Amino acid sequence: MLKMTEGAGSGCGLHYELYHFEVVTQLRRWHDMLGDPADRDALMAAAERRGYPFDDADLQAARKERETLLAELREEMG
C-alpha cells in the first residue's frame with residue numbers, strides 16, 4: 001500500500017484533496033478487481049486503519065472535496 005500512496009502524490013502538488021481522491025479511487029479499483037471476499041475485506045480493513053476508507057459514501061465525499069478544490073483553484077487563476 002505504501003507504493004500506491006507514494007504514486008498517488010505525483011501530480012497532486014500540496015493539495016491533500018487531490019491526493020486523497022487518487023488514493024481512495026485506486027483502492028476502490030483494487031477492491032473491485034479482487035475475487036475473494038476475504039481479500040476485499042482485508043484490503044478495506046487495512047485502508048481504514050490507515051485513514052483511507054473507500055466505501056461509496058467516502059468516494060462521493062472525496063470527489064466532492066476534489067471538485068470544490070478544483071473550482072477554487074480555477075477561480076484563483078481566473
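Computed from a predicted structure; not experimentally measured.
- A distance-only check finds a donor-acceptor pair linking the side chain of R28 to the backbone of F54 [under 3.5 Å].
- Between K64 atom NZ and L59 atom CG the span is 15.0 Å, to the nearest 0.5 Å.
- Here the straight-line distance linking atom CG of D39 with atom CG of L43 works out to 9.0 Å at 0.5 Å rounding.
- The aromatic rings of H20 and Y16 lie parallel to each other, with less than 30° between the two planes, well short of the 60° mark.
- Separating the CG atom in L27 from the CE atom in M44 is a distance of 9.0 Å, to the nearest 0.5 Å.
- Closest approach of L70 and L18 over heavy atoms only: CD2-CD2, 4.0 Å.
- Scanning all heavy atoms of the two residues, the minimum distance from D58 to P53 falls at OD2-CB, 3.2 Å.
- The structure places CE of M77 at 12.5 Å from CD of E75, a figure rounded to the nearest 0.5 Å.
- A donor-acceptor pair is defined here as one N or O able to donate and one able to accept, closer than 3.5 Å; such a pair exists between the side chain of R40 and the backbone of G35.
- Separation of atoms CG (D55) and CD (Q60) is listed at 11.0 Å; rounding is to 0.5 Å.
- Between F21 and R66, the closest heavy-atom pair is CD2-CD, 3.2 Å.
- Side-chain contact between E76 and L73 is present, with heavy atoms from C-beta onward closer than 4.5 Å.
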